[in-house]
Participant: 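After the structure tokens below, expect a handful of questions from me.
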Amino acid sequence: MRKLVALSMVLTAALLMGGCGLGKMVKKYPEVTVTLDNPDLENKGGEVAYTIKGTIPPKYMKKKATMTFTPSLSVDGEKVTPPFAIITLKGEKAKGDGITIPYKTGGTFTKSGTFKFDEKYETADIVVGAEANLKKKHHDFGDRNLGEGISNTSARANLTPRLTDNAGSGTAFLLAPHNYKAEFIGRTATLYFDLNSSNMNWNNPNNKTKAAKDSIKEFIDFMGNDYIIDRVVISGWASPEGEETNNQGLSERRFQVGKSWFNDKFNAYLKDYAKRNNIKMKDLQRPTFEYVNNAKGEDWDGFEAAIEKSNIAQKNQILNVVRSQANNDMREQKIREMTDIYPEIADAILPPLRRAEIQMVCKKHDTYTDAELIRLVQSNPEDFSVNERLYAASVATDMSVKESIYKSLINNKKTENDWRAYNNLGAMKLNDYYQSGNQADLEEALNYLQKAAALSPNNGVILNNMAIADYLSGDLAAAQANFEASANASVQPVNQNYNTGALSILNGDYSKAAQLMGNQSCDYNTALVQLLQKDYNAAKATLDCIDNVDAKTAYLKAVLAARMKAEEGVYSNLATAIDLDPSLKKTAKRDAEFKRYRHSDRFKQLVK
């Protein structure tokens, strides 16, 4: 019986392969070509685009025959539901739908389409099966392999947030602005000079007035209060009756005299400070501050103000004459002429204008360092404004100190309604979640951020942090919406071009991503876009200039090396990535980007 069955099968095959038309199609099937236009399929915005092309040789397609090509994916040896479109060909006299292929000349066919990406497709084989029908006869040709694996490199877009009060062009857990502005205090001493002189003459009548002496005494006494000096502004002035270019040089020299006088007084102060604090002068670090040269030349404003305040009966006429002149040379000449008519100008108006004003500017709270400010804010918070306390938290490097300052604000009825402390606690907890993955930190962060949003709706800083929370939670649609809302917020809007650009990579819009991110140098996501756009040289330059290469950067460098067929680069960069993050062994093993190297001993050794 078995011999009869076997004989029957042989006879059937012989009939198919014999003189009938289908038999010839079966025999000549190796001459039929079917290929993927690009065998390196990839995920782009959750979709995989493909183009299948084929060629039917002349005198192959029987006029009444049909052929069907069924592309599909084989995952771990099992076919998944075919995501590809089925391709149907027909002969010139065959019925039904399909692409007509002439018998005599043969022909070509092309089929393009997309299907949704699934992570399990990364290791899939892309195969195509074919079958032919002619009248009542049928033949299944089996599968051909078209390609291997679907890359998922576009999913490697990565937001790497950092805790900061300035987003800049990256991704940040944003701390709210402290709005603290230093309050400046200071004193001014005035030194007076003789006509056309920059020599210091203490017998000058203006230097001997009580007002001048008091200004110097108060200046020196203020210096003794140990304030930290921010800057010293020295204004050198000349009276406006002399020639203009000479007066400018005179005011510059008076600036230098004022600077020398200040340095003498400051050196005396330092010696006294060292003595009071039992410090040797050689061990005393001299404070640094800015000297501002404010040499103004002729003091026209001072002249007019002095005339207006004077008791000269014709002061209005004097001012009108001076103001009506076409240029400074003519104004100077008029003043010289009027000193003969009005001696008060020469005796009382002009001499006080020949001076140097030394203004010492100090920050109100610079009597203590940032460290002292932090300590005082913690011990006596009621003595400081909200802005000062937020500033102290901003300069604190100890995260627990930051947190304690923010909590003291939200736990006090006088300050509990300031959104900034809630936002900052939320940002800090988000940072903790990012570092540890502890779900409780994420829940606490969202609680703080929701309270901040209730106090300050449509706030760009808060929305930024909520967007990052969405991103870290895997809700990319919500992250996109909140980033866009942050950029358009009515309060504290935040530029979100970089973040929305990075998300555009995941959405498959690479040109938009590049435009929004501005092709930043030495930036991971910029390099990723360049790679995905196949600008490999640009991607390499961007990756090569990144300092402190982390695991994801090294891995992307390995992917780029694979695309550029630089085998050594694949192994060396992959080794670095795996050393920094051993979980990448499993990733690399499945990654279609490395399909050309999977069977090499070095690759196997790396990912084992």
Participant: Quick one about Q439 and E443 (side-chain donor to acceptor, distance below 3.5 Å, no hydrogens or angles considered), yes or no?
Facilitator: no

Participant: Distance under 6.0 Å and angle within 45° of the ring axis: does K552 meet both against Y524?
Facilitator: yes

Participant: State, to 0.1 Å, how close L159 and A502 come at their nearest heavy-atom pair, and which atoms those are.
Facilitator: CD2-CB, 3.4 Å

Participant: Sort and list the pairs that fulfil disulfide (SG to SG under 2.5 Å) and have at least one residue in residues 502-608, not counting sequence neighbours.
Facilitator: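 Passing the test, one end in residues 502-608: C522-C545.
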
Participant: More than 12 foreign heavy atoms under 6.0 Å from CD of E78: is that the case here?
Facilitator: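 Incorrect, the count does not exceed 12.
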
Participant: For V549, enumerate each residue passing the side-chain contact (heavy atoms from CB on, under 4.5 Å) test, keeping only those at least two apart in sequence or located in another chain.
Facilitator: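 Only T553, A554 meet the side-chain contact (heavy atoms from CB on, under 4.5 Å) criterion with V549.
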
Participant: Please work out whether the ring planes of F117 and Y121 are parallel, tilted or perpendicular, with thresholds of 30° and 60°.
Facilitator: perpendicular

Participant: Between A566 and Y597, which heavy-atom pair has the shortest distance, and what is it?
Facilitator: N-OH, 4.4 Å

Participant: So, N133 versus H138: side-chain donor-acceptor pair below 3.5 Å or not?
Facilitator: yes

Participant: Is it true that the NZ or CZ of R144 lies under 6.0 Å from the centre of Y29's six-membered ring and within 45 degrees of the ring axis?
Facilitator: yes

Participant: Hey, are N525 and Y498 close enough side-chain-wise for a donor-acceptor pair under 3.5 Å?
Facilitator: yes

Participant: How would you list, by chain and number, every residue that makes a ring-ring contact (aromatic ring centres under 6.0 Å, His included) with Y471, sequence neighbours excluded?
Facilitator: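 Here no residue qualifies.
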
Participant: Is it the case that atom NZ in K540 sees more than 12 heavy atoms from other parts of the structure closer than 6.0 Å?
Facilitator: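 Counting neighbours around NZ of K540, 12 or fewer heavy atoms of other residues, nucleotides or ligands fall under 6.0 Å, so no.
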
Participant: Partners of Y422 by ring-ring contact (aromatic ring centres under 6.0 Å, His included), sequence neighbours excluded?
Facilitator: none

Participant: Do you know the tightest heavy-atom contact between A132 and L22?
Facilitator: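 The answer is CB-CD1, 3.7 Å.
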
Participant: Enumerate the disulfide (SG to SG under 2.5 Å) contacts for residues 459-521, please, sequence neighbours excluded, ordered by first and then second residue.
Facilitator: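 Pairs touching residues 459-521 that pass the test: none.
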
Participant: For a salt bridge (Lys or Arg N to Asp or Glu O under 4.0 Å) with E148, tell me which candidate from K595, R598, R596, R590 qualifies.
Facilitator: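 Considering K595, R598, R596, R590, a salt bridge (Lys or Arg N to Asp or Glu O under 4.0 Å) with E148 is found only for R598.
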
Participant: Could you tell me whether the side chains of N387 and R420 share a donor-acceptor contact shorter than 3.5 Å?
Facilitator: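 There is such a pair between these side chains.
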
Participant: Give me each pair satisfying ring-ring contact (aromatic ring centres under 6.0 Å, His included) with a member in residues 543-589, each pair once, sequence neighbours excluded.
Facilitator: Y555-F594

Participant: For the CG atom of N464 and the CG atom of N499, what is their distance to the nearest 0.5 Å?
Facilitator: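 One gets 6.5 Å once the value is rounded to the nearest 0.5 Å.
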
Participant: Going by atom types alone, do T164 and N166 pair a side-chain donor with an acceptor below 3.5 Å?
Facilitator: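 Side chains of T164 and N166: no pair found under 3.5 Å.
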
Participant: Could you grab the distance from atom OG1 of T88 to atom CD of E131, nearest 0.5 Å is fine?
Facilitator: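 The distance works out to 9.0 Å.
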
Participant: Between E593 and A562, which heavy-atom pair has the shortest distance, and what is it?
Facilitator: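 Looking at all heavy atoms of both residues, the shortest contact is O-CB, 3.5 Å.
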
